[in-house]
Each structure stands twice: as structure tokens, then as C-alpha cells.
Number of protein chains: 2
Amino acid sequence: MSISDKSQDLNISSVDSSSLVDKVESTLIELLISQKLTPGDLIPKEMELTKMLGVSRTVIREALNRLKTIGLIETSKRKGSIIKSPNLLFLLQKSLIPSILDHATLKDIFELRLVMEIGMSDLIFRRAKPKDIEELEAIVKEEPTSAKEVLFDIDHEIAFHGKLYEISGNQTLMDFQSILLPAFRYVYDSEMIKSPEHDSKWISHKDLVQILKNGTPNKFRNAMRKHLDRHFKGHFKDIKTT
Amino acid sequence: MSISDKSQDLNISSVDSSSLVDKVESTLIELLISQKLTPGDLIPKEMELTKMLGVSRTVIREALNRLKTIGLIETSKRKGSIIKSPNLLFLLQKSLIPSILDHATLKDIFELRLVMEIGMSDLIFRRAKPKDIEELEAIVKEEPTSAKEVLFDIDHEIAFHGKLYEISGNQTLMDFQSILLPAFRYVYDSEMIKSPEHDSKWISHKDLVQILKNGTPNKFRNAMRKHLDRHFKGHFKDIKTT
DNA sequence: GATGCGTCTTATGTATGACATAATGCAATA
DNA sequence: TATTGCATTATGTCATACATAAGACGCATC
């Protein structure tokens, strides 16, 4: 029996290996919450915090720096630190470096795209304005009509689907898409996805636009699912279609 | 005419106000990418970086601390800093403090939930194992059968829908849901959402489970949309139903 | 020869003091 | 009144010193 097994059995409380900065960081976050601070409020100066928490300014600064990194505060000279409403997605952007992400996560992200695009059909259908539809029509204008001929052009693909996200009117969703884009491209480029030939029942971009104009939310949602079918089939062979 | 107006006219390029730490941070990230570093690789020691970049150790440390905050690296004594595949969602967790998020973002997040749950129907349908269905049945067992009587119990709601995320088999999606949970709760608690009475066509959790057992992916997806309809109606009055 | 133990070395973690720099308020001045 | 200039304040950067944990290494023990 190894020592680690023993520690499980004996329920030895694991020693607190977190650094001072870690502790101060969480203390500060708790402070924000308990004090019900909202964006615009100021938090104590560095020197006050050093006195309050009994640690050096170095530690305080490193902790504040972390809050700054996750967008919870903003600092300026003379004024000090001010609470901010963080842009959730801005964060992801920095850490999302496709080459560093592991395969499983990349796969998840690609799947997430499919999930979002099907799910947002209702938003799109409701919020599409005539002008949006015109733009979509302009984008798909050059596409050949026969399904067989449709080549897979990633830039074109992104233009069309990107516009859909825009129409959804959900800023968080849009940000999310734009952040995940590098991951999508990476998945395509690295040939993790092979798009098989689509069959005659396949729904093209043009078809989607038509349904958006004349169909119902339900029809549109199901059409979107069909449109994405080749991706479901292509990589995620474990997903039943239709 | 104010000075700021003038600067616009004269097209004076705004001075770079970013701090040294900001610059070092992006330099380091570029380094990671250009050097094609992957998880497990070591990056130069703090002292080497101070020499390479010509700044003090303080600045280097603050920049490294940021990379650590976004999960790109991990540090340990004696070994130095090591590249990590960041858990994208872990990050969000810290910054997602509902009371600090602005209303618009909270609304977006709630909407995102609806989008994801409809969109992931296909994954659920394909990946649900007999055991999963049993669990779902256990969860909905206590529910009254008549739609009229169904009370809105948020914990029950979370148990059922949480299980659905689990079934989806997409780890990123699951993490996402668990992170967004506080925001969901907040939206419910703060009564930003009012659930209207559901009509006779409403789909209950029990109905969903039945369709999951005996239906098709298409039916399940559309049923999920109907199930969530009260939320679409409740808060997002600008969304057409069905 | 393998295992265990103590010591040394190394790189990060923390503390302290100093000065630079930007933002703000206020007083002096034209 | 408007503008300039100075003092103040709090963050940003630098330098140095020491604490601490994790490996590396050698040595003794079996």
C-alpha cells in the first residue's frame, strides 16, 4: 500500500500547499462578494491592504494583478483599483491557443459549435431583419446550386455562419464564436475533420436562407441540423444522424 | 474645440499606454506560440528572462503570474515554469460572479443555456445509456403528472438538466454548465425570469424521458424546444415561439 | 548494488526600501 | 476665467536580500 493510498484511508487532511498569493487572492474575491461591491466601486489601496492582511506589498500586488488578469478590477495611478464587470470571453481568448490545447478539448469545442448553431436557430429566426437576410443572400450568391458541386471553403463557411451568430443578437454567443474561431480553423486545417460528400438531401446555405425567409422556426432548426449533418457524420462517427 | 477633438482631426496616434508587464506578457505568449511549445515543455527561468528582455525580475514575475492565472503555465520551485494545457472553463469560474456581471450579460447567459440545451439534443439522444435513462427516470419519479401542477423547483430543475449535460458526454459543455449555474440561479432568484403557466401542449421532464427512450433525435430536439418554451416566453418576449 | 538519509544547490516565493510616473487637486498667475 | 505649475498620492518598476521547497548528489547502511 502506497503512502497516498494510506492518506486516503486515514483521511489525512492534505497540507495547505497554496502560496500566500493564492490565499490573498481568494480573500480579496470573498471581500468583493461579501461587501457587495459592484462595478465602479473602489477597493482599498495597496498599502491599506498590506496592513489589513499583514502581508507584504509584493504579495498584495501579485494578487491584485491576478484579479486584473481575470478582468475583475482595473487599476490606474492615483485612483487605485476599481471594480469592473469582466468580459467573460476576453479571458478565454488569451488562453485559447489551439496548438497548446489537447485533442479532447478541441474535439469538444468543435462539437460545441454544432450544438450552438442548432440551438440558436430560434434566436436567428426571430431576430433576423430584412437587411440581415439581404446580407446572407449576398454571401451565398456565388455558391453553385447543385449540392454535389459545393466545395468546402472555410472562409466562405465562416462568413456565412459568422453572420448567423451576429443575427442571433446575443453578444456573449458572438464573442464565444469569434474566440472559438481559431480552434475551428485549427480543426479544419489539421484535417481532424473530413467532410464526406453530402447526399442529395443535404441542405445548402441557400436552402437555409430560403427557409429563414419563408419557413417556421421549427423548420429552420431542423434544416440547420441537416445542414450540419456532414460534420456530425464526418468526425463524430458515434453520433446517429437525423 | 477641445484637445480631444483636435487629436481626432489631426489623427495623432495615441501613445502606447500599456505597461511594461503588458508588453512582456504578450511577448511571452508570442514566444510560446512561435517556439511551438507544447504542454510539458519548460520555459526559461525568471533570471534568464530578465536578461533576455532587459526588465526587472518584478516585471517578469508579474507577467508570468498572469500566464499562471490564465492557466497557461504552472510553476514549481527549483523546476521553474512548465507549459500547461489550460482548462478553458476554470478561468471563467473565477470571474463569473453574478452580482458583478451586468444585466445584459446575465441575460445572454440565460439565453445561452437555452441554446445549448436545444442544440445538444442530438448528443444526448445518441449517447444516453440505459443506466442514464434509469437515473433520469428516478429524478422525475416524484413529479406530478398533470402539467398544471408542476411547480418550479430550481434544485429539481438543475438535477434533471444537469444530468442531461452529463449525458452529452462533452466535458467542455459540462464544465460550461456547471460554471454558468450560479448565473442561472441568480437569474431565477432575482426574478428576472417569470415562468408563466404552461399550457396543455407543454412537454414535461417525464415526456422528455419517454421520447428519449422511444423517439427519434428529431423528435427529441423539438420536444426539448417545447419544454423550454416557457423560458423563451417568460423573459424573452421578443422570441417567437414554436 | 540497492535503498535510505542528510546536505547542497537551484529557482521560485516573500519582504523591504527606493525611485519613476501618471492622475488629481489646488493655488498662483496672466 | 482659463491656464499653468506644483504638491500629493497611489500605482509601476527596480534592486537586493532572504525564506522555502524540490531535485541532485554523495555517503552510509544493509
Side-chain angles (χ1 to χ4, degrees), chain A residues 1-4 6-7 14-28 31-32 37 40-84, chain B residues 1-7 12-28 31 37 40-84:
Chain A
M1 179 182 258
S2 77
I3 190 72
S4 64
K6 258 185 194 160
S7 76
S14 58
V15 267
D16 182 12
S17 70
S18 64
S19 69
L20 256 183
V21 178
D22 290 329
K23 287 174 198 130
V24 171
E25 183 193 359
S26 29
T27 303
L28 287 178
L31 190 80
L32 299 195
L37 295 183
D41 293 342
L42 293 170
I43 66 177
K45 315 301 174 197
E46 291 177 359
M47 289 313 290
E48 300 179 41
L49 288 171
T50 60
K51 280 182 189 166
M52 286 169 59
L53 304 180
V55 295
S56 74
R57 185 171 164 226
T58 309
V59 171
I60 296 290
R61 276 187 64 77
E62 295 212 352
L64 287 175
N65 191 27
R66 290 191 187 174
L67 298 196
K68 198 158 37 170
T69 306
I70 62 181
L72 270 180
I73 64 171
E74 214 170 29
T75 58
S76 68
K77 292 188 177 174
R78 166 115 192 170
K79 258 210 302 223
S81 305
I82 184 172
I83 307 279
K84 231 179 86 183
Chain B
M1 182 181 257
S2 77
I3 189 73
S4 65
D5 292 333
K6 258 185 194 160
S7 76
I12 292 177
S13 60
S14 59
V15 268
D16 181 12
S17 71
S18 64
S19 69
L20 256 181
V21 177
D22 290 329
K23 287 176 196 126
V24 171
E25 183 193 359
S26 27
T27 303
L28 287 178
L31 190 80
L37 296 183
D41 293 342
L42 291 170
I43 67 178
K45 316 298 174 197
E46 292 177 358
M47 289 312 290
E48 300 179 42
L49 288 172
T50 60
K51 279 182 190 166
M52 285 168 60
L53 304 180
V55 294
S56 73
R57 185 171 163 227
T58 309
V59 171
I60 297 290
R61 276 187 64 76
E62 294 212 350
L64 286 176
N65 194 21
R66 290 191 186 175
L67 298 195
K68 196 158 39 170
T69 305
I70 62 180
L72 270 179
I73 64 171
E74 215 169 27
T75 59
S76 69
K77 292 186 176 176
R78 165 116 194 168
K79 253 208 311 219
S81 305
I82 184 170
I83 307 278
K84 229 180 88 185

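Keep in mind that what you see is a predicted model, and the values were worked out from it rather than measured. All values below come from the heavy atoms of this structure, side chains included, with hydrogens, waters and symmetry mates left out. Residue numbers start from 1 in every chain, and the chains themselves are labelled A, B, ... in the order their sequence lines are given, proteins ahead of strands.
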Restricting to non-hydrogen atoms, name the atom on [X] and the atom on [Y] that form the minimum distance, rounded to 0.1 Å.
X: B/E25; Y: B/L67; value: CG-CD2, 4.2 Å
X: A/E62; Y: B/N65; value: O-ND2, 3.1 Å
X: A/R66; Y: A/D22; value: NH1-OD1, 2.7 Å

For the pair B/K68 (side chain) and B/A63 (backbone), establish whether a donor and an acceptor sit closer than 3.5 Å, ignoring hydrogens and angles.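 Checked: no pair found.
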
Test your reading of the model: is there a side-chain donor-acceptor pair from B/K45 to the backbone of B/S81, 3.5 Å cut-off? no

Note: for A/K79 and A/T58 on DNA chain C, the residue whose nearest nucleotide lies more 5' is A/T58

Integer-rounded Å distance: [N] [atom2] and [X] [atom1]:
X: B/L64; N: C/dT12; atom1: CG; atom2: P; result: 8 Å
X: A/D22; N: C/dT12; atom1: CG; atom2: P; result: 16 Å
X: B/K51; N: D/dA15; atom1: NZ; atom2: C1'; result: 15 Å
X: B/I82; N: C/dT12; atom1: CD1; atom2: P; result: 12 Å
X: A/I60; N: C/dG13; atom1: CD1; atom2: C1'; result: 15 Å
X: A/M47; N: D/dT11; atom1: CE; atom2: C1'; result: 12 Å
X: A/I43; N: D/dT11; atom1: CD1; atom2: C1'; result: 12 Å
X: A/L49; N: C/dT14; atom1: CG; atom2: C1'; result: 17 Å

So do B/T75 and B/L64 actually touch side chain to side chain, heavy atoms under 4.5 Å?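 No. Closest side-chain heavy atoms not under 4.5 Å.
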
From D/dT13, D/dT11, C/dA15, nucleotide with atom closest to A/E46 side chain: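 Side chain of A/E46 sits closest to D/dT11.
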
By nearest atom, which of the nucleotides D/dT13, C/dT12, D/dT11 is closest to the A/S81 side chain?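 From the listed options, D/dT11 comes nearest.
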
When you measure from the side-chain N and O atoms of B/K45 to the phosphate of C/dT10, is any distance below 4.0 Å, counting only OP1 and OP2? no

Looking at A/R61, does any N or O in its side chain come under 4.0 Å of the phosphate oxygens OP1/OP2 on D/dG12? yes

Interface residues of residues 67-77 of chain B with DNA chain C (non-hydrogen, below 4.0 angstrom): B/K68, B/T75, B/S76, B/K77

Most 5' of A/E48 and B/S56 on DNA chain D, judged by nearest nucleotide: A/E48

Is A/R57 side chain donor-acceptor paired with the D/dG12 base, going by distance under 3.5 Å alone?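 Result: at least one qualifying N/O pair found.
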
Can you tell me which residue among B/L28, B/V55, B/L20 is in a side chain to side chain contact (heavy atoms under 4.5 Å, CB included) with B/I60? B/V55

